[in-house]
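One structure is given here, and the rest of the page talks about it.
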Amino acid sequence: MVSTRAFLLDIGYAHGSGVATSSLSGLRGKTFRLVLKRESDGKVFRLFDDSFEPYFYLLPREGVTQEQILKVTGFYRGTNVAVARVEEVERKLKGEIVKLFKVYAKHPGHVPVLASELKQYGERFEHQVHFVLRYLLDKKLQPLGLVEVKHSGKMVMGISAVADSPLPSLRVLAFDIETYNPGVKSDPRKDPCLMISYATNEKSGVISYGKKFSHDFVEVVASEKAMLERFCEIVRENHVDVIATYNGDEFDLPFLRERAKVLNADFRLGRDRALPRTRKKGIRNASSLGGRIHFDAYPVVAFLNFIGAFKLQRLTLQDAVTAITGKPKADIVKMDIHKIWDSGLTKDLDYLAFYNRDDSIACLAVTNYSLPLQIEMARLTGNLVFDTSRASAMPLVEPFIMKKALERGELIPSKPAYSENDKLPPVEGAFVKIPNPGVYENIAVLDFKSLYPSIIISYNVGPDSYNCDCCKSDGFVSPQGHRFCKKKKSIIAETLSDILDSRFAIQKKMKTLTDKESDEYKQLYARQWSLKILANSVYGLTLNPRFRWYTREGGESTTAWARQYIQEVNKKAEETGFEVIYNDTDSIMLLYKTENSVLEFRDAVNKTLPERMELELEDFYTRGLFVAKKGEAGKDGKGARKKYALINKEGKIKIRGFELVRRDWSKVAREVQRSVLEILLKEGNVDKAVALVRKTVAELQSGKVPLDDLVILTQLRKSPKDYAIMSPEVSAYTKAINAGIRVPEAVVMYVVTSKGKSISEKAFVREMAQDYDADYYINHQLMPAVLKILAELGVTEDDLLTNSKQHTLGSW
DNA sequence: TAATTCGCTAGACCGA
DNA sequence: TCGGTCTAGCGAA
């Protein structure tokens, strides 16, 4: 027996090709295949573990015996399967110790079958925990963490995690393909793949065939088949651990696999020489490579965009790489790739190759940015990177809490089935104060640090602490009367408390590091970011009826306490002599005379808050603007919430909610609005802003504004036929499809043209638009965007539209 | 398969 | 033709 220290790169079931020896053939499905990277020399090797038994728990009904359970059988793939064995164990359920049967099965596939058969004998637990996750949880292993593994030959005899493990250095290769596309979409059964580009942190290149290129980085091989095989060779030569793509799940990998089949090419990209596999994973497909991690950056970018890490107009590689690196990749010129290919012109082919390579380089940049986060997330939650990178909030958070349940010796609650809870009305959420529109000076912004998590911790919110038996007279009682335990920590509160503690500790450690570019710093940064994502997701999940720790009472208490705190701070601020101009959820904006008074106020509030809660100073702003809500113009008009602009002492502008941050407004309206706000906030020069608007009106009227500045982006969130209303975006999309124009994504880009009566009739996708309706862009885009702002300074629509002598506008 | 609620605004639609 | 209501998307937190 040998003992080795290695990083756990991947774990999965041993499928046919993975299990070569005949001694293992009877164990298919139950055997895990571990891909490990030796710490000492980085060599990658495989081991198998068939010692782990699938199981679940049964809380038996009165009088049910082990003997009865042992006799239970069921059907699995046409054969009769039986319970392997039963043990009696103790676990905690809602704080109480209960006696349970731990029911073992011979194969993970038998678990759901037997669990179903056992329904009549009592309540089942943990029968829906995925077997790979079960293995990782029970053995306390971290994916990509360092393990100490004892093995005899290829068989694992014992495996345990090494504490505080560093990260393995992973070899990453990004790739991208170009395909022949005479139809609306390339069809791998008949359309060839034309080139494959790749990029690692050391080099990049393109493989193609049968044409002439002048670039050095293009390697020309004999045929498409040779190209596919050459690509596999490059992957093997580079000992690639992570293969990165942008939407390779849905396109590149399935396409190449199909091409390989057609051409009879050897496309075994996996480490164990397996073919790429594509499986349904929720709403989309996921493509895996045995022994190498396929990192598809697209779902990661979608997730990061969703949680607000950045805001992309579209989820394209172009938008993602620009947001991340600050510089765009090679410009995409609309081109018919198949025509370039057929023409055979070296100049055009060179451009295509250059563009193809740039896509791989861009994909690598996105990967370098997001993979560390995914790795840390995987290590924290116990998911594989493959799953983490394709996961949403629930599958990230649940395994993290499951680990805590195991630590506490508690049963993991089952996933709730569809129930009446799904039909309940939404719970009351945050408090948002209506601002008075106008221009303000000297604004302090204070906010509660991690408001919802800190409330959950402070008041021990959770399904397991709700209405406990032990605190009937002295629990924490929320504003609407829900009671939570004061004696035993709820699992959610404890998890959040741990998250906040470790995040704080990491941030403290980061401050001691001087080299912000070091691997250690980057790893810590990624880890604290993962923790933040997890912490921020928990509150939302408590109100999701599909969450294992769903608690409606907990969720509505959390927001109720939040509303109470924010209003108490408002009251205190006013008593102290400040004017509170705005609140949204966890923030307070107030007018101040001295900065010191604000700091004193903050400290005074903090003395009264529970230990975990904290009011922070976000910033001091010299000037700020709130606008009237539509239809509320004039004196005493109410201000719009979630819409404001502030400028701080350094001249940094913070803008929220205005049209200029919305993608469903044209660039011309957004950019002029931004300039107007900047001019007003920085210079306070109303005349200059008015002049800019007039100039833009004239430009629009001249008909010379480029169509690209007039495009409006709107997502179709359902099938076009399901819409009750013919909106401009649905109309533009439908007309494009009828005209046989490729509209690649769910985000419709349209221009309002002069052709038609209603706006919908006038809306055409960018490719079909010949002109624009100046009147629409002036009166429906530019004017609404700027007038709301300028109206606060006494400017009227006539001032902006007529060329009469400028009014004398009072300066502020 | 899916974190939540609050809020603004548009354009279509519909009835008077 | 006008104004109210409804559908829908997107952003703030």
Side-chain angles (χ1 to χ4, degrees), chain A residues 280-286 299 302-303 305-308 311 313 390-398 415 418 422 425-435 447-448 450-452 533-547 549-550 552 554-556 558-560 562-563 566 582-587 618 627-632 638-644 654-666 669 712-718 722-731 746-748 752 757-763 776 779-781 784-785 788:
Chain A
K280 263 253 166 307
K281 191 174 163 71
I283 202 165
R284 55 193 305 278
N285 289 315
F303 179 72
N305 197 51
F306 178 64
I307 63 165
K311 267 187 292 193
Q313 294 235 324
R390 291 162 178 81
S392 53
M394 193 151 15
L396 293 179
V397 171
E398 280 192 341
K415 275 194 100 55
Y418 181 86
D422 292 76
V427 306
E428 189 181 345
F431 170 71
V432 190
K433 186 179 162 77
I434 300 173
D447 48 33
F448 281 98
S450 303
L451 179 62
Y452 289 173
I533 291 171
L534 292 173
N536 288 346
S537 307
V538 170
Y539 153 76
L541 290 171
T542 60
L543 287 170
N544 184 313
R546 214 63 71 231
F547 185 48
W549 289 276
Y550 167 71
R552 186 176 166 90
E556 69 182 7
T558 306
T559 55
R563 292 191 299 272
I566 206 86
Y582 185 61
N583 302 108
D584 188 347
T585 313
D586 59 355
S587 70
E618 197 253 330
V627 296
K629 195 175 153 170
K630 195 182 157 108
E632 291 277 347
K638 283 180 180 146
R641 292 169 279 203
K642 299 185 184 287
K643 209 164 183 178
Y644 59 86
K654 178 173 171 175
I655 297 171
R656 294 290 180 265
F658 279 105
E659 285 74 8
L660 67 92
V661 301
R662 297 176 64 98
R663 69 173 176 193
D664 56 352
W665 280 73
S666 63
I712 295 167
L713 275 70
T714 309
Q715 190 173 0
L716 297 187
R717 299 205 285 199
K718 47 188 182 179
D722 292 341
Y723 283 87
I725 278 172
M726 181 55 70
S727 59
E729 55 273 17
V730 174
S731 168
V747 178
V748 181
V752 175
K757 283 187 195 126
S758 68
I759 294 168
S760 284
E761 281 178 28
K762 292 177 177 196
Y776 172 82
N779 294 314
H780 292 254
Q781 290 275 319
K788 271 185 281 235

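In the text below, chain A, chain B and the rest are named by the order of the sequence lines, each starting its count at 1. Quick caveat: nothing in here was measured; it's all calculated off a predicted structure.
Between Phe547(A) and Trp549(A), the two ring planes are perpendicular [angle over 60°; tilted spans 30° to 60°].
Here the straight-line distance linking atom OG of Ser450(A) with atom CG of Asn536(A) works out to 6.5 Å at 0.5 Å rounding. Rounding to the nearest 0.5 Å places CG of Leu451(A) at 8.0 Å from OG1 of Thr585(A). The line from NE2 of His780(A) to CH2 of Trp665(A) is 10.0 Å long, rounded to the nearest 0.5 Å.
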Heteroatom pairs (N/O) under 3.5 angstrom, protein to nucleotides 11-13 of chain C:
residue, atom, partner, partner atom, Å
dG11(C), OP1, Val661(A), O, 3.1
dG11(C), OP1, Arg663(A), N, 3.1
dA12(C), OP1, Gly657(A), N, 2.9
dA12(C), OP2, Lys311(A), NZ, 3.1
dA12(C), N3, Lys642(A), NZ, 3.2
dA13(C), OP1, Tyr644(A), OH, 2.5
dA13(C), OP2, Arg656(A), NE, 2.9
dA13(C), O3', Asp586(A), OD1, 2.4
dA13(C), O3', Asp586(A), OD2, 3.4

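The residue Tyr723(A) sits close only to the backbone: its heavy atoms come under 4.0 Å of sugar-phosphate atoms, none of a base. Within 4.0 Å (heavy atoms only), Lys638(A) reaches no atom of the nucleic acid at all. Among the heavy atoms of the strands, none lies under 4.0 Å from Val538(A). At the heavy-atom level, Ser760(A) lies under 4.0 Å from the strands shown only through sugar-phosphate atoms.
The interatomic distance linking Leu713(A) (CG) with dA8(C) (C1') rounds to 16 Å, in whole Å. One atom, CD of Glu729(A), and another, P of dA8(C), lie 10 Å apart when rounded to the nearest Å.
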Would you sort out whether Tyr550(A) and Leu541(A) count as a side-chain contact (heavy atoms from CB on, under 4.5 Å), showing the intermediate values?
-> CA-CA 7 Å; Tyr550(A) 167 71; Leu541(A) 290 171; over 6 Å; no
Full working for salt bridge (Lys or Arg N to Asp or Glu O under 4.0 Å) between Lys643(A) and Glu659(A) | CA-CA 9 Å; Lys643(A) 209 164 183 178; Glu659(A) 285 74 8; 3.2 Å; yes
Salt bridge (Lys or Arg N to Asp or Glu O under 4.0 Å) assessment of Arg641(A) paired with Asp584(A) = CA-CA 8 Å; Arg641(A) 292 169 279 203; Asp584(A) 188 347; over 6 Å; no
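For Lys415(A), the NZ atom sits in a packed shell: over 12 heavy atoms of surrounding residues, nucleotides or ligands are nearer than 6.0 Å.
In terms of phosphate contacts, Lys718(A) brings no side-chain nitrogen or oxygen within less than 4.0 Å of OP1 or OP2 of dT7(C).
Protein chain A contacts DNA chain B from dT1(B) to dC13(B), reading 5' to 3' and using non-hydrogen atoms of the protein with a distance under 4.0 Å.
Across the P atoms, dA2(B) and dA13(C) are found 27 Å apart, a figure rounded to whole Å.
Each of Leu541(A) and Gly429(A) was matched to the nucleotide of DNA chain B holding its nearest heavy atom; the match closer to the 5' end belongs to Leu541(A).
Figure legend: Lys718(A) and Tyr723(A) shown as a cation-pi pair, the cationic atom lying under 6.0 angstrom from the six-membered ring centre and within 45 degrees of its axis.
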